[in-house]
Amino acid sequence: MSIFSIFICPFRQLSGGVIIFALIAVCLFGFLPVSAVAESLTKEAFVALLKKSHPLFEKERLTSAIEKEEQRSYLGDADWNLSSSLTWSREEATITAFSPDISKSLSLQTGVNKQFWETGGRLSATYAINRSSSSFEQAPLFSYPDTFYENSVELQYSQPLLRNRGGKLSRLQYDLKAFDVDAAGIQAAENIEEFLAESISKYLDWVYLEEQKKIMSRRLGLSRREFERTQRKFNAYLVDSADVMRSKDALNTWRQNLALVELQLTALKEELSVLTQSSAVLDAEPEFNLYARHRPESLASARARLENSSRILKILELRKKQLDVNAVGVRETGKPDLSLIAAVTVKSAEESAGDSFSFDKKDAAVGLQLSVPLENTTAKAEYHRTRLQTLQLGKEREDVTLSLEASLSSLHTQLNKLGEVLELNLEQIESARLRTIEETKIYEQGRGDLTFVIMSRDNEESSKLTYAENALNYQKLWLQFQALMDELYEEEQGVRSKE
């Protein structure tokens with residue numbers, strides 16, 4: 001009954017002054033702040049709070065970013081590399097007839113080189129400048145400059161013709177790491193989904209405890225009214241004291257039951273408040289239809305979709321492709337190392353530093369370099385290891401597929417069967433309600449005992465509690481079904497809960 005109904009309904013029995021006073025009271029009451037109404041929190045809003053505050057989401061996203069940066073580190077193998085050296089030397093000759101007694105040299109050499117992943121070749125360019133001085137204790141038999149300067153520029157390119165042709169080995173680690181990046185992203189999504197499933201399960205517990213509280217509060221209200229009515233009858237000498245004691249025992253029992261549920265509810269709300277890092281949960285009530293039914297797709301359709309979209313199977317498929325790419329690299333290492341090497345050098349040497357930059361002398365060289373491992377033990381062992389790993393991964397995929405299909409079949413069956421149980425629970429609740437009505441009639445007519453009325457009402461409320469508990473189990477089964485089908489989280493579009 002509304003506040004206005006309380007004051008307006010008896011107006012005909014009130015005097016004019018009282019009516020005015022009542023209207024003023026209603027107006028004043030209407031301006032008072034209302035704080036008793038708790039805000040509702042849907043499952044989607046609960047998940048949104050988790051996304052906003054819980055560190056796990058960002059932690060899992062960083063996993064893929066870390067793997068990606070590690071992959072990028074391999075790109076350094078294709079960077080231009082600068083090298084430089086400065087050398088001073090002093091040599092004393094052991095045979096002085098045709099060589100200086102003392103030779104001194106100061107040289108500076110600098111260059112750049114780069115690995116080309118597209119071809120597997122390596123290019124290097126080197127510039128060198130050298131100052132040499134000589135001293136003789138005796139005059140030499142031929143003319144020999146005391147000091148001379150030498151400059152040279154060399155350009156060299158090495159191209160593999162067998163092993164690492166096309167740069168297969170040069171970029172192998174980078175290509176292999178790409179699979180780790182993709183697998184890390186998928187595994188992060190799977191970890192987030194497991195967390196969401198666990199958290200939403202706690203949200204469902206919250207819904208169930210609130211429903212328990214409502215059922216027990218209604219039963220407590222009935223017990224309280226029954227106790228008061230029995231007390232009045234006892235005072236009127238219509239019932240004996242045993243009925244008063246029975247009704248009081250029932251009242252105390254439901255008080256105790258409600259207190260225990262409120263204790264569990266308070267503890268759970270505290271946990272959810274910390275989990276979401278939001279104090280709003282403490283004053284909120286869950287908005288969720290605990291008794292909603294779902295229609296899972298056919299088992300054959302679900303099995304086919306699971307095999308095509310399961311994240312765990314996707315990770316295993318990535319590992320299979322990774323092993324295939326690694327096998328190509330292993331076969332590549334078993335090939336002979338045959339390389340074509342070409343070099344061109346321009347140089348000059350003069351007694352004065354200024355004249356030594358004429359670069360009037362040119363050298364050129366072309367050659368083949370061959371290296372063949374006679375036993376090739378390492379490559380053979382790596383090849384067999386990769387082959388065995390591929391076979392093992394295939395068996396692991398079969399194992400995981402069987403486990404997923406077994407879980408799917410079990411969840412699918414449980415959902416269907418529990419749905420039938422819920423229908424029976426509804427019938428049981430209706431039957432218990434009708435029995436309560438009949439027991440109450442019999443007791444009111446003086447042909448029954450209050451014990452049977454209390455037992456009947458307890459049975460009715462127990463049936464409702466059983467219905468709520470089975471509904472909770474049904475919702476959790478559906479949650480597990482969604483998690484198994486990877487429907488709670490989609491990494492391509494971010495975190496969102498499916499309806």
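- Taking CG of L169 as the reference point, atom CG of N164 lies at 4.5 Å (rounded to 0.5 Å).
- Of all heavy-atom pairs spanning R303 and S409, the tightest one is NH2-OG, 3.5 Å.
- Residues L424 and E427 have side chains in contact (heavy-atom distance under 4.5 Å, counting atoms from C-beta outward).
- The side chain to side chain contact (heavy atoms under 4.5 Å, CB included) search around L162 returns P336, L338, not counting sequence neighbours.
- Here the closest heavy-atom approach between residue A379 and residue G334 is recorded as CB-CA, 3.8 Å.
- Remark: K417 NZ is loosely packed, at most 12 non-hydrogen atoms of other residues, nucleotides or ligands lying under 6.0 Å away.
- Side-chain contact, S40 with E287: a donor N or O sits under 3.5 Å from an acceptor N or O.
- In plain terms, the two heavy atoms of A468 and I215 that are nearest each other are CB-CD1, 4.4 Å.
- Residue pairs that meet the salt bridge (charged side-chain N to carboxylate O under 4.0 Å, His left out) test with at least one member in residues 259-281, sequence neighbours left out, are K202-E271.
- Close placement of the F195 and H54 rings is indicated, their centers lying within 6.0 Å of each other.
- Under the rule for a salt bridge (charged side-chain N to carboxylate O under 4.0 Å, His left out), E420 has no partner lying at least two apart in sequence or in another chain.
- At a threshold of 4.5 Å between non-hydrogen side-chain atoms, the residues E190 and D486 count as touching.
- Between L306 and L313, the shortest heavy-atom contact is O-CD1, 4.1 Å.
- One distance of note links CG of L408 with CG of L404; it measures 8.5 Å at 0.5 Å rounding.
- Q115 approaches D77 most closely through the heavy-atom pair CB-O, 3.4 Å.
- Taken to the nearest 0.5 Å, the CG atom of L411 stands 11.0 Å off from the CG atom of N416.
- Between D205 and K476 there is a salt bridge, since a side-chain N of the basic residue sits under 4.0 Å from a carboxylate O of the acidic one.
- Checked by atom type and distance alone, the side chain of K114 pairs as donor or acceptor with a backbone atom of A78 at under 3.5 Å.
- More than 12 heavy atoms of other shown residues, nucleotides or ligands fall within 6.0 angstrom of atom NZ in K177.
- Annotation for Q392: atom CD does not count as buried by contact number, only 12 or fewer foreign heavy atoms lying within 6.0 Å.
- Ion pairing between a basic and an acidic side chain is recognised when a charged N comes within 4.0 Å of a carboxylate O; E285 and K213 show no such pairing.
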Between N326 and Q322, does a side chain to side chain donor-acceptor pair (under 3.5 Å) hold up when you go through it step by step?
CA-CA 6 Å; N326 187 61; Q322 188 180 41; over 6 Å; no
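- Relative orientation of the F116 and W80 rings is perpendicular, given thresholds of 30° and 60° on the angle between their planes.
- Of the charged side-chain nitrogens involved, at least one lies within less than 4.0 Å of a carboxylate oxygen, so that D180 and R319 count as a salt-bridged pair.
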Using side-chain contact (heavy atoms from CB on, under 4.5 Å), reason through E211 and K214 one step at a time and then give a plain yes or no.
CA-CA 5 Å; E211 184 67 14; K214 292 176 183 178; 4.2 Å; yes
R311 vs E193, side-chain contact (heavy atoms from CB on, under 4.5 Å): CA-CA, chis, key distance, verdict
CA-CA 11 Å; R311 291 195 190 96; E193 186 164 58; 2.6 Å; yes
Can L465 and E469 be said to form a side-chain contact (heavy atoms from CB on, under 4.5 Å), step by step?
CA-CA 6 Å; L465 291 173; E469 183 178 359; over 6 Å; no
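- Across every non-hydrogen atom of R163 and P160, the tightest pair is O-CB, 3.1 Å.
- Taking OH of Y203 as the start and CG of L479 as the end, the distance is 12.5 Å to the nearest 0.5 Å.
- For D399 and K395, the salt-bridge test fails: no basic side-chain N is under 4.0 Å from an acidic carboxylate O.
- Annotation: the span from Q212 atom CD to S217 atom OG amounts to 11.0 Å, rounded to 0.5 Å.
- Once rounded to the nearest 0.5 Å, the distance linking CG of L415 with CZ of R293 reads 11.0 Å.
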Show, in sequence, the C-alpha distance, side-chain angles and deciding distance for L172 and V328, and conclude whether the side-chain contact (heavy atoms from CB on, under 4.5 Å) test is met.
CA-CA 9 Å; L172 178 61; V328 174; over 6 Å; no
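- Centroid-to-centroid, the aromatic rings of F46 and W206 stay 6.0 Å apart or farther.
- Salt-bridge check for K314 with E317: failed, with every basic side-chain N at 4.0 Å or more from each acidic carboxylate O.
- Counting heavy atoms from C-beta outward, N473 and N470 have side chains that approach closer than 4.5 Å.
- In this structure, Y383 places its OH atom where only 12 or fewer heavy-atom neighbours from other residues, nucleotides or ligands lie under 6.0 Å away.
- The environment of CZ in R72 is sparse: at most 12 heavy-atom neighbours from other residues, nucleotides or ligands sit within 6.0 Å.
- For the pair Q414 and Q480, the minimum side-chain heavy-atom distance is 4.5 Å or more.
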